[in-house]
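Atoms within a ligand are numbered from 1 in the order they appear, just like the ligands themselves. These numbers come from the heavy atoms of this one structure, side chains and all, not from hydrogens, waters or symmetry mates. Just so you know, residue 1 is the first one in the sequence shown, and it goes up from there. Predicted model only: the values in this text are computed from it and were never measured.
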Amino acid sequence: MADTLTKLTYQTFQQSKNYFGLAHKILSTRVMSLVSPSDRKSKPLPLDLLQKINQRYERLLEVDWQDAEAGVYPHNILFDNPWDEFFLYYPAVWFDLPQIWERAKQKNYQDFDSNLDIAGYPSYYLQNFHHQTGGYLSDLSANLYDLQVEILFGGSADAMRRRILASLKQGLSDFDDVPASQIKILDIACGTGRTLKMIRAALPKAALFGTDLSPAYLRKANQMLSQIPGELPQLLQANAEELPYMDNYFHATTSVFLFHELPAVARQRVIEEAFRVTKPGGRFIICDSIQMSDSPEMEPAMTGFYETFHEPYYRHYMTDDLVERLEKAGFENVTAEVQYMSKVLVACKPV
Ligand SMILES: C[S@@+](CC[C@H](N)C(=O)[O-])C[C@H]1O[C@@H](n2cnc3c(N)ncnc32)[C@H](O)[C@@H]1O
């Protein structure tokens, strides 16, 4: 009975975030089209596709719950949500909307305030991904990011991130002669640190590392991660194409929602770097968007995504062969599994 209640509580908790995201999307689109009419009209998705998306969503919640039941991570992480941050920054999401809308209307994709230091970043990175104010480079962007992602995915972003954890723990069992506190895991492009938080919940003793190009996002990650128990993850600003670590340093590497935001050449370089820094016998686990090869029926949703949001590399990503890229870098036994709007690729570095 208690179990059923908790599962029901989890489903209700998720559904409420889902409805909130939906309500925000409908309301904000209505309000903005009244305040600032535009010819840009996104096509509504057909009903049968929406039903399929909903089925995938329910399956994601089920798998998420089952992994907690199996002890991959504690149940309390299922309910983790930065409510105080969300309440604090929700008004700012609205205040930011007119600028986002205007940028989208003007097709202005490289709009950076003069007070932001944009020197030294790869040119592909200097974009207003999702029309975000400040791209990935401002504190405002870092403060709003998690809330915006939660709205986009109807509160399921962490549930998708958690899909890397079962394979991560399973892979680490090959290093059972290594004390738990000496297991080293790197999260590449860690952003605001949500994935590191999920990894910490599953592996309380491991030494965690995170890199990202954005100083603002790293500051945000540091602030959040310093509030949770356990050793503070070591965060470094670095381009994922040139990781500042020795060869064979990590027992596992992960990367969540990065690859669809990279041009093809950078995608390959990041995979090669992940291969270099992962120990033989270790795993590199990617969680990113679904693709045409695994979800052809979702094509209208994927096309709608890159047409509505500014995602300059997504169109190429949709048909890119990530398995081939991973094998080309030297990984083997690559598996891929779709979960809701994401897929998880697990790649092993040969011993
Ligand atoms: C969509 S966000 C994903 C962030 C985080 N992994 C998550 O799950 O929310 C993409 C992240 O990749 C980072 N990024 C993009 N290109 C990068 C690169 N070449 N090297 C390092 N980080 C990069 C961005 O700064 C941003 O934090």
Side-chain angles (χ1 to χ4, degrees), residues 80 82 85 112 116-118 120-132 134-153 155-165 168 185-200 208-222 224-225 233 235-245 253-274 277 284-289 305-306 309-314 317 339 341-344:
D80 186 75
E85 290 261 316
F112 291 94
L116 291 175
D117 182 5
I118 57 169
Y121 292 98
S123 56
Y124 66 77
Y125 185 71
L126 294 176
Q127 301 268 348
N128 301 95
F129 292 94
H130 335 123
H131 307 292
Q132 253 165 233
Y136 281 125
L137 293 176
S138 71
D139 288 319
L140 175 73
S141 162
N143 284 329
L144 302 190
Y145 172 82
D146 286 322
L147 183 48
Q148 286 165 332
V149 172
E150 283 299 82
I151 288 169
L152 174 67
F153 288 127
S156 67
D158 280 346
M160 289 192 279
R161 292 186 181 106
R162 283 192 287 270
R163 304 286 53 79
I164 65 169
L165 297 177
L168 178 64
I185 302 165
L186 171 66
D187 186 38
I188 301 169
C190 63
T192 58
R194 294 297 307 170
T195 304
L196 284 168
K197 187 172 193 186
M198 301 298 130
I199 299 176
R200 172 56 79 229
L208 305 186
F209 298 73
T211 56
D212 200 280
L213 259 177
S214 166
Y217 279 55
L218 288 169
R219 275 195 293 278
K220 186 81 188 168
N222 194 51
M224 184 271 287
L225 294 167
L235 305 180
L236 268 186
Q237 187 193 12
N239 187 341
E241 295 176 73
E242 293 167 81
L243 293 171
Y245 301 104
T253 42
T254 60
S255 190
V256 177
F257 303 144
L258 167 68
F259 280 81
H260 72 277
E261 294 200 338
L262 294 175
V265 174
R267 243 175 256 150
Q268 189 64 38
R269 288 213 191 109
V270 174
I271 288 176
E272 275 156 21
E273 275 297 86
V277 302
F284 176 39
I285 307 177
I286 297 174
C287 171
D288 215 303
S289 163
F305 178 61
Y306 76 74
F309 299 91
H310 177 54
E311 283 289 359
Y313 314 113
Y314 190 85
Y317 169 88
Q339 295 290 355
M341 302 312 277
S342 68
K343 73 194 281 186
V344 172

Asker: Is there a donor-acceptor pair closer than 3.5 Å between any side-chain N or O of Asp288 and the backbone N or O of Leu258?
Answerer: yes
Asker: Sequence neighbours left out, what passes side chain to side chain donor-acceptor pair (under 3.5 Å) with Glu85? Give chain and number order.
Answerer: Lys220
Asker: Ignoring hydrogens and angles, tell me if any N or O in the side chain of Gln237 forms a donor-acceptor pair with the backbone of Leu213 under 3.5 Å.
Answerer: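 Here the side-chain-to-backbone pair exists.
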Asker: With a 4.0 angstrom cut-off on heavy atoms, strictly below it, pick out the residues next to ligand 1 and order them by chain and number.
Answerer: Tyr124, Tyr125, Tyr136, Tyr145, Arg161, Ala189, Cys190, Gly191, Thr195, Asp212, Leu213, Ser214, Tyr217, Ala238, Asn239, Ala240, Val256, Phe257, Leu258, Glu261, Leu262
Asker: Any sub-3.5 Å donor-acceptor pair from Tyr217's side-chain atoms to Ser141's backbone N or O?
Answerer: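 Judged by distance alone, yes, a pair lies under 3.5 Å.
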Asker: Quick one: side chain to side chain donor-acceptor pair (under 3.5 Å) partners of Tyr136, sequence neighbours excluded?
Answerer: Glu261
Asker: According to side chain to side chain contact (heavy atoms under 4.5 Å, CB included), who are the partners of Leu152, at least two apart in sequence or on a separate chain?
Answerer: Phe305, Phe309
